[in-house]
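Atoms within each ligand, like the ligands themselves, are counted from 1 in listed order.
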Amino acid sequence: MRTKGIIVQKYGGSSVADPGKIMGVARRVAACGKKGYDVVVVVSALGGTTDELLDLAGQISKRPSERELDMLMSTGEQVSVALLAMALHNLGEEAISFTGAQVGIITDSTHTKAKIIDINTARIGKELKSGKIVIVAGFQGVNLDQDITTLGRGGSDMTAVALAKALKAKMCEIYTDVKGVYTADPRIVRGARKLDGISYEEMLEMASLGAQVMQARSMEVAGKFNVPVHVRSSFSKEEGTMITKEVKAMEDVLVRGVTANKDEAKVTVCDVPDKPGEASRMFERLAKADINVDMIIQNVSRRKATDISFTVPKKDLHKTRNVVEKAVREIGAGGVEYDENIAKVSVVGIGMRGHSGVAARMFSALASEKVNIKMISTSEIKISCVVGKKEADRAVKAIHRAFGLGKGVRKS
Ligand code: ASP
Ligand code: MG
C-alpha cells in the first residue's frame with residue numbers, strides 16, 4: 001500500500017490504439033505510482049475494436065442475441081488490459097490485469113446496457129495492498145447468473161467512475177485524445193476554448209446532446225456520489241477539465257457550451273385524428289420496442305387532425321418505421337414522413353436557470369445565418385433546436401460567437 005490514497009485512471013481506445021501508445025500509457029501509470037498513489041487503471045478496447053466486433057456479428061446475424069453480443073464485445077477490453085499489464089512488467093512494475101467479473105463488478109441483466117448494482121472491492125484491495133498496480137477491463141461486468149454484461153457504448157467511463165466511488169479514490173482521471181471538455185467541438189469551431197471546470201449536470205447534458213467526451217450515464221453516477229473527475233489528454237501533461245458539483249461562480253456563465261448531434265432522424269406522422277389516446281398508443285408502442293424518442297412536437301389541430309413530429313436515434317429508424325407504419329394504419333392517420341438530414345444543435349449552462357433571453361439570443365444567431373429552425377425543446381439548463389444537417393456546423397459557429405464563448409472573448 002502506498003500512502004497518498006487511490007487514483008483511478010481510465011484510458012480510452014485512442015490512447016491505447018497501438019503498442020507504442022500502450023507503452024506510453026504504461027509510463028504514465030508507473031509515474032503516478034512513483035508519486036505515492038495506489039493506481040487502479042481502467043482501459044477501453046484498442047481504438048476501433050468494439051466497432052469491428054459489432055461489424056463481425058452483423059456479418060453473421062441481422063439480430064444477434066444480446067447476451068452473445070456482450071460475450072463478444074467484452075473480449076476487446078480483455079486484450080488491452082493484458083497488453084498493458086505486460087507493458088508495465090517491461091518497466092519493472094508489478095501489475096495485474098482483471099476482467100470486470102474477476103473484480104466483482106456486479107450488474108443487472110440488461111445486456112448491452114447493463115447497470116452496475118454492486119462492486120466487491122476485496123480483490124482489488126488485496127492486490128493494491130501487496131503493492132501492485134491493478135488494471136481492470138472497462139465497459140463490462142457480470143450478472144448474478146455469471147453471464148457477462150456490458151455497460152453501453154463508452155461504458156469504460158462508467159467503470160472508472162463506479163470504481164472511484166467504491167474505492168473512495170482521491171480522483172478519477174479520464175485520459176483521452178483531447179485536452180479536456182471544450183465550449184464546442186474544436187474540429188468545428190476553431191476558437192473553441194477548453195473549460196477549466198464544468199458541473200456534473202452540464203456535462204451530463206452536453207454528453208447526451210452530442211459532445212464526444214464522457215459517457216452520459218457515467219455523469220449521473222459521478223454527480224450522485226460526488227466523484228471528482230478530471231478529463232485530460234493522454235498525450236500531454238497539461239491540466240484538463242475538472243467535473244465537479246456546481247459551485248456558485250459557475251452560474252455567472254450563461255452558456256457553458258454548444259453541441260451538435262447528427263445521429264437523430266425526424267419522423268412526422270400526418271393527420272393524426274385529434275382524439276384523446278391516439279398519440280399515446282403510438283408512443284407506447286415505440287417505448288415497448290425500446291426506441292428512445294427524444295423531441296416531440298404536436299401542431300395545432302386543423303380540421304380535427306394534427307401532425308406529430310418526433311426524433312429518434314438514426315440507428316433505430318428501421319425499427320421505428322415498422323412500429324409507426326403499423327400505428328398509422330391502426331389509428332387512421334394520414335401518413336408518415338422521415339427526415340434523416342437533420343441535426344440537433346443545443347446550448348447548455350446552469351447559468352440559464354436564473355436568466356431569461358438565452359433562447360432569444362440563440363434564435364437570433366440562427367436567423368442571422370438564415371438557418372431555419374424545424375423543432376425546439378427546452379429544459380431548465382438547455383435549449384435545443386433541430387436544423388438541417390448541412391447547416392449544423394454553421395449554426396454551432398454562429399451560436400458560439402453569439403454567446404462570446406471563444407478564445408480571447410469575454411465570457412457572457
Ligand atoms: N470499447 C467500448 C466502446 O467502444 C467501451 C469504451 O470505449 O468505453 O464503446
Ligand atoms: Mg470510448
Side-chain angles (χ1 to χ4, degrees), residues 8-18 21-22 25 29 40-58 64 66-84 97-101 103 105 107 110-116 119 135-142 148-165 172-178 180-181 203-204 206-208 210-222 227 229-235 240 243 261 263 292 313-316:
V8 174
Q9 298 192 328
K10 177 254 171 178
Y11 293 89
S14 52
S15 305
V16 291
D18 57 53
K21 286 186 176 140
I22 294 174
V25 166
V29 171
V40 175
V41 192
V42 174
V43 217
S44 292
L46 273 60
T49 302
T50 311
D51 288 331
E52 281 162 26
L53 292 169
L54 278 173
D55 185 64
L56 262 177
E66 293 195 319
R67 181 191 181 278
E68 303 310 329
L69 273 178
D70 279 354
M71 193 63 136
L72 178 72
M73 285 193 290
S74 63
T75 62
E77 272 70 13
Q78 204 171 326
V79 170
S80 46
V81 288
L83 291 174
L84 181 58
S97 69
F98 292 108
T99 64
V103 290
I105 299 181
T107 72
T110 330
H111 283 291
T112 75
K113 40 180 179 286
K115 284 205 172 79
I116 296 178
I119 300 184
I135 308 166
V136 180
F139 174 55
Q140 57 177 262
V142 65
I148 293 176
T149 54
T150 64
L151 310 176
R153 295 307 304 271
S156 300
D157 290 343
M158 181 63 91
T159 307
V161 168
L163 278 174
K165 187 244 159 189
C172 179
E173 297 181 333
I174 304 287
Y175 286 92
T176 178
D177 54 1
V178 290
V181 184
M203 192 66 244
L204 171 60
M206 281 182 59
S208 321
Q212 308 276 344
V213 46
M214 295 309 298
Q215 186 206 30
R217 266 172 65 189
S218 71
M219 284 297 98
E220 280 174 31
V221 175
V227 179
V229 178
H230 185 182
V231 183
R232 55 193 308 185
S233 164
S234 53
F235 308 116
I243 312 176
N261 180 352
D263 299 327
N292 212 340
K314 258 185 209 158
K315 67 171 173 46
D316 290 338

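Rounded to the nearest 0.5 angstrom, I22 CD1 and L84 CG are separated by 7.0 Å. The CD atom of Q215 sits 8.5 Å away from the OG atom of S156 when rounded to the nearest 0.5 Å.
Defined by atom type and a distance below 3.5 Å, a donor-acceptor pair is present between the side-chain atoms of T150 and D70.
Below 3.5 Å of separation, one finds no N or O of K10 facing any N or O of ligand 1. Backbone and side-chain nitrogen or oxygen atoms of D157 are examined, and none is located within less than 3.5 angstrom of a nitrogen or oxygen of ligand 1. Note: an N/O pair closer than 3.5 Å links G154 and ligand 1 by distance alone.
Around atom 8 (O) of ligand 1, the closest heavy atom drawn from S218, A137, S156 belongs to S156.
Taking every heavy atom of R153 and a limit of under 4.0 angstrom, the matching atoms of ligand 1 come to 3 (C), 4 (O), 9 (O). Residue-ligand proximity, F139 to ligand 1, at heavy-atom distances under 4.0 Å covers atoms 2 (C), 5 (C).
Using a 4.0 angstrom heavy-atom cutoff, Q215 does not count as in contact with ligand 1. Judged by the shortest distance from any of its heavy atoms, G138 lies outside the 4.0 Å radius around the atoms of ligand 1.
One N or O on the side chain of E77 and one on the backbone of A45 form a donor-acceptor pair closer than 3.5 Å.
Partner of D177 under the side chain to side chain donor-acceptor pair (under 3.5 Å) criterion, chosen from S234, S14, S233: S14.
Residues K10 and D157 are paired through a salt bridge, judged by an N-O separation under 4.0 Å between the basic side chain and the carboxylate.
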